Novice: 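Dropping a structure here in structure tokens format, bear with me for questions.
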Number of protein chains: 2
Amino acid sequence: MHSAAPQPLDRVFAALADPTRRAILARLAAGEATVNELVAPFDLSQPAISKHLKVLEGAGLVSRGRSAQTRPVRLNAAPLERAAQWIGDYRRFWEESLDQLDAYVKVLNRKEMRHAGKRRRK
Amino acid sequence: MHSAAPQPLDRVFAALADPTRRAILARLAAGEATVNELVAPFDLSQPAISKHLKVLEGAGLVSRGRSAQTRPVRLNAAPLERAAQWIGDYRRFWEESLDQLDAYVKVLNRKEMRHAGKRRRK
DNA sequence: CAGCTATATTACCAAACGGTAATATAAGAG
DNA sequence: CTCTTATATTACCGTTTGGTAATATAGCTG
């Protein structure tokens with residue numbers, strides 16, 4: 001049983017897990033848009049986009065205004081900060097492995113140089 | 001129909017959307033663990049954890065060794081880098097809003113100082 | 001070999017997801 | 001008031017997800 005209200009991070013990451021929703025956010029980074037403007041490029045029905053918007057709204061990533069007969073959607077990036085923080089706690093781990101990879105590459109390069117003379121760096 | 005292979009980011013974000021899986025990653029940040037060591041703290045059945053591990057593995061966030069009769073799980077943070085990059089593209093948006101908040105806070109502080117004298121900074 | 005331990009796999013279930021078509025509602029325009 | 005446009009809601013469907021219990025497999029150990 002897992003009936004407790006989902007944590008914000010759950011919803012943020014879940015929202016980001018869908019490429020359509022990421023694309024919507026990318027579009028909104030260029031400025032507000034109406035729902036129809038968001039429907040156009042996606043080859044999805046309008047209700048589908050409205051659903052995605054509801055998910056994004058539930059994650060706090062998007063908010064809506066009331067402008068005449070249209071309801072413009074705008075990006076709200078604040079929740080991304082918490083997500084970035086969470087991921088950031090692991091930065092040292094991927095940097096470690098990059099370091100290791102880097103070291104490994106260096107070893108390889110040294111070997112190759114010893115065996116085959118100069119080798120061009122990619 | 002959406003049958004194309006899911007992109008790595010999809011799977012990474014989807015994997016991160018579950019708190020149990022985030023907790024597993026947190027545990028692995030402290031070092032390798034066997035499956036049973038991961039089962040213990042979570043009040044979930046062993047198959048449930050194995051399933052979560054499969055999801056994490058599918059996202060490339062975890063890899064497994066073969067050490068005698070146990071199969072130690074270790075963190076592989078590399079995919080988090082791409083996720084961090086993706087989110088990072090939106091940093092300016094949340095910093096913008098933070099700036100606004102910050103400005104607002106400054107206004108408040110000024111008001112309070114005017115009204116109530118010196119105020120300690122957190 | 002037999003038995004124990006660690007892990008994976010299977011079968012099953014309820015709930016959530018991602019989509020559609022059809023319909024309802026809201027609000028400006030004539 | 002009626003028409004039209006923009007958006008939301010409903011009803012429905014197949015697939016995926018997160019969990020379980022039961023069972024199978026792998027590999028030490030006696």
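Chain A is the first sequence line, chain B the second, and so forth, proteins listed ahead of strands; every chain is numbered from 1. None of the values given here were measured: they were computed from a predicted structure.
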Novice: What is the distance, to the nearest angstrom, from the CG atom on A:Asp18 to the P atom on C:dA16?
Specialist: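 For the pair A:Asp18 CG and C:dA16 P, the rounded distance is 18 Å.
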
Novice: Can you check the A:Ile49 CD1 to C:dG18 P distance for me, whole Å?
Specialist: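 Taking CD1 of A:Ile49 and P of C:dG18, I get 12 Å after rounding.
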
Novice: Would you say B:Arg22 has more than 12 foreign heavy atoms packed within less than 6.0 Å of its CZ?
Specialist: yes

Novice: Going from OG1 on B:Thr20 to CG on A:Asp10, what distance comes out if it is rounded to the nearest 0.5 angstrom?
Specialist: 9.0 Å

Novice: How many Å lie between CG on A:Asp10 and C1' on C:dA16, as a whole number?
Specialist: 14 Å

Novice: Rounded off to whole Å, could you give me the CZ-to-C1' distance for the A:Phe42 and C:dG18 pair?
Specialist: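 These atoms are roughly 15 Å apart.
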
Novice: Looking at the base of D:dA6, is there any donor atom on it, or on the side chain of A:Gln46, that sits under 3.5 Å from an acceptor on the other one?
Specialist: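 Side chain to base: no pair present.
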
Novice: Using whole Å, report how far CG of A:Leu38 lies from C1' of D:dA8.
Specialist: 15 Å

Novice: For the pair made of CG in B:Leu44 and C1' in C:dT7, what is the distance, rounded to whole Å?
Specialist: 16 Å

Novice: Give me the atom names and distance for the closest heavy-atom approach of A:Leu75 to A:Ala29.
Specialist: CD2-CA, 4.0 Å

Novice: Within the pair A:Thr70 and D:dT7, is there a side-chain N or O less than 4.0 Å away from OP1 or OP2?
Specialist: yes

Novice: Rounded off to whole Å, could you give me the NZ-to-C1' distance for the B:Lys54 and D:dG19 pair?
Specialist: 15 Å

Novice: In Å and rounded to the nearest 0.5 Å, what is the CG to CZ distance from A:Leu25 to A:Arg27?
Specialist: 12.0 Å

Novice: Just to confirm, is there a sub-4.0 Å distance from OP1 or OP2 of C:dA27 to any side-chain nitrogen or oxygen of A:Arg66?
Specialist: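 For C:dA27, OP1 or OP2 has a side-chain N or O of A:Arg66 closer than 4.0 Å.
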
Novice: Given D:dA21, D:dG18, D:dT9, identify the nucleotide with an atom nearest to the side chain of A:Pro47.
Specialist: D:dT9

Novice: Taking for each residue the nucleotide of DNA chain C bearing the nearest heavy atom, is the 5' side occupied by A:Arg71 or by A:Ala48?
Specialist: A:Ala48

Novice: For A:Arg71 and A:Arg64, which heavy atoms make the closest approach, and how far apart are they?
Specialist: O-CG, 4.5 Å

Novice: Can you tell me if B:Ser45 touches the phosphate of D:dT20, counting only side-chain N or O atoms and a distance under 4.0 Å to OP1 or OP2?
Specialist: yes

Novice: A:Asn36 or A:Lys51: which one's nearest nucleotide on DNA chain D is closer to the 5' end?
Specialist: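 It is A:Asn36, whose closest nucleotide lies nearer the 5' terminus.
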
Novice: For D:dG19 and B:His52 - does any side-chain N or O of the residue sit under 4.0 Å from the phosphate oxygens OP1/OP2?
Specialist: yes

Novice: Would you say A:Ser50 reaches D:dA8's phosphate, i.e. side-chain N/O to OP1/OP2 under 4.0 Å?
Specialist: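 Answer yes for this pair, as a side-chain N or O of A:Ser50 is under 4.0 Å from OP1 or OP2.
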
Novice: Over how many whole Å does the gap from A:Leu53 atom CG to D:dT9 atom P extend?
Specialist: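 In whole Å, D:dT9 P lies 12 Å from A:Leu53 CG.
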
